[in-house]
Amino acid sequence: MAEHTKCLIIGSGPAGYTAAIYASRAGLTPIMYQGGQPGGQLTITNDVENFPGYPEGIQGPAMMQDLEKQASRFGADIRTGLATSVDFSVSPKKVIIDGSYEITADSVIIATGASAKWLGLESEQKYNGLGVSACAVCDGFFFRNQEVAIVGGGDTAAEEAMYLSNLCSKVHMIVRKDELRASLIMQKRVLSNPKIEMHWNSVTEEIVGDLSGVTGARISNTQTGEVSTLAVTGFFVAIGHKPNTEIFKDYIALDDAGYIQTEKGSTRTTIPGVFACGDAQDNIYRQAVTAAGTGCMAALDAERWLAENELH
Ligand code: NDP
């Protein structure tokens with residue numbers, strides 16, 4: 001017989017861990033599967049300066065370790081493993097872990113977050129790990145004192161360009177419009193950084209390289225048609241994220257971009273007993289603190305739903 005739990009949490013970013021803290025303190029003895037990237041996106045970031053309670057900032061991985069410890073302290077059963085399929089048409093709900101292990105749950109909290117988007121170039125995949133990366137904080141170190149490029153104009157790209165400028169000899173920032181989407185403060189920092197060269201209205205046509213890895217990036221200007229090759233050894237992609245919701249799409253309503261739809265003011269999905277929190281359902285705020293907030297909401301919603309249905 002499959003293992004059963006009252007409350008299953010899928011995913012281990014700030015949303016999942018906060019849900020685990022609340023659910024375990026409420027006596028739901030939740031089981032959490034951490035997913036493919038235990039700790040989530042914050043484990044591939046450096047300083048977190050905007051999470052309340054850390055006046056000096058904190059490293060993303062350290063913060064996630066603290067959240068894990070806090071959830072464990074109240075009895076959350078935290079396990080490694082990736083939810084690979086679900087069946088939400090049955091009661092209790094069924095979730096398969098790592099393709100084979102079956103677990104049933106009265107309530108499910110989805111906190112699967114989002115993953116980095118890629119440009120979709122063949123050369124991008126060819127040189128992935130050989131100079132191409134979606135995480136400057138993870139891989140920037142390999143390119144110290146070298147010339148690199150970063151694509152994107154949002155806060156992530158701006159933050160990563162700043163990070164790379166501390167390590168690399170020069171950072172080319174490739175932006176497809178003539179403006180940055182990043183917050184004003186980040187725009188100011190990037191635009192006044194002498195090590196960052198902006199390439200406006202520019203798209204990447206190809207990443208070029210040889211057996212040793214990336215040697216350049218061919219970009220073209222959409223206004224002038226001019227094509228140029230930047231002599232870079234590192235190529236960073238920072239163009240946003242897509243929610244990790246593929247396995248739920250046959251059961252719960254998603255929006256056009258794949259984000260889970262939740263009822264206004266709650267974390268309820270279209271399936272009773274299934275709740276969603278964090279970046280998997282939020283394409284607007286996408287912050288650690290808002291993810292944590294919705295993780296708390298999901299645990300409270302799950303607890304109430306279990307009580308209403310006499311399952312707790
Ligand atoms: P965003 O969606 O905000 O920005 C994506 C950027 O990539 C945009 O400039 C976009 O261009 C560009 N882009 C998208 N697709 C392509 C493509 N195919 N080719 C070239 N460029 C492309 O994503 P972010 O990851 O930067 O940020 C996500 C959210 O997280 C935001 O709300 C942001 O504010 C927040 N954030 C906050 C931080 C903080 O507060 N410390 C740090 C990092 C992120 P275009 O503008 O033309 O659409």
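The basis for the numbers below is simple: all heavy atoms, side chains too, and nothing from hydrogens, waters or symmetry mates. Atoms within a ligand are numbered from 1 in the order they appear, just like the ligands themselves.
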Any side-chain donor near an acceptor of the partner, Ser165 and Asn193, under 3.5 Å: yes
Looking only at protein heavy atoms, which one is nearest to [atom], and how far off is it?
{"atom": "atom 38 (C) of ligand 1", "result": "Asp155 CB, 4.0 Å"}
{"atom": "atom 22 (C) of ligand 1", "result": "Ile239 CG2, 3.4 Å"}
{"atom": "atom 43 (C) of ligand 1", "result": "Thr156 OG1, 3.4 Å"}
{"atom": "atom 8 (C) of ligand 1", "result": "Arg181 NE, 3.5 Å"}

Review item, side-chain donor-acceptor pairs of residues 298-311, under 3.5 Å, at least two apart:
| unit_1 | atom_1 | unit_2 | atom_2 | d |
| --- | --- | --- | --- | --- |
| Asp301 | OD2 | Thr267 | N | 2.9 |
| Asp301 | OD2 | Thr267 | OG1 | 2.7 |
| Asn309 | ND2 | Trp305 | O | 2.7 |

Within the 4.0 Å heavy-atom shell around [X], which atoms of ligand 1 are there?
{"X": "Asn50", "answer": "39 (C), 40 (O), 41 (N)"}
{"X": "Val151", "answer": "20 (C)"}
{"X": "Gly152", "answer": "7 (O)"}
{"X": "Gly153", "answer": "6 (C), 7 (O), 8 (C), 9 (O)"}

Under the side-chain contact (heavy atoms from CB on, under 4.5 Å) rule, collect the residues that match up with Ile103, sequence neighbours excluded. Glu3, Thr5, Leu8, Ile31, Tyr33, Arg79, Val95, Ile97, Tyr101
Ignoring hydrogens and angles, tell me if any N or O in the side chain of Arg25 forms a donor-acceptor pair with the backbone of Tyr22 under 3.5 Å. no
For ligand 1 and Leu119, I'd like to know whether there is a polar contact (N/O to N/O, distance under 3.5 Å). no
Any nitrogen or oxygen of Arg176, side chain or backbone, less than 3.5 Å from one on ligand 1? yes
Parallel, tilted or perpendicular for His199 and His172, by the 30°/60° rule? tilted
Tell me whether ligand 1 is touched by Gln287 - counting only heavy atoms on the residue side and a distance under 4.0 Å. yes
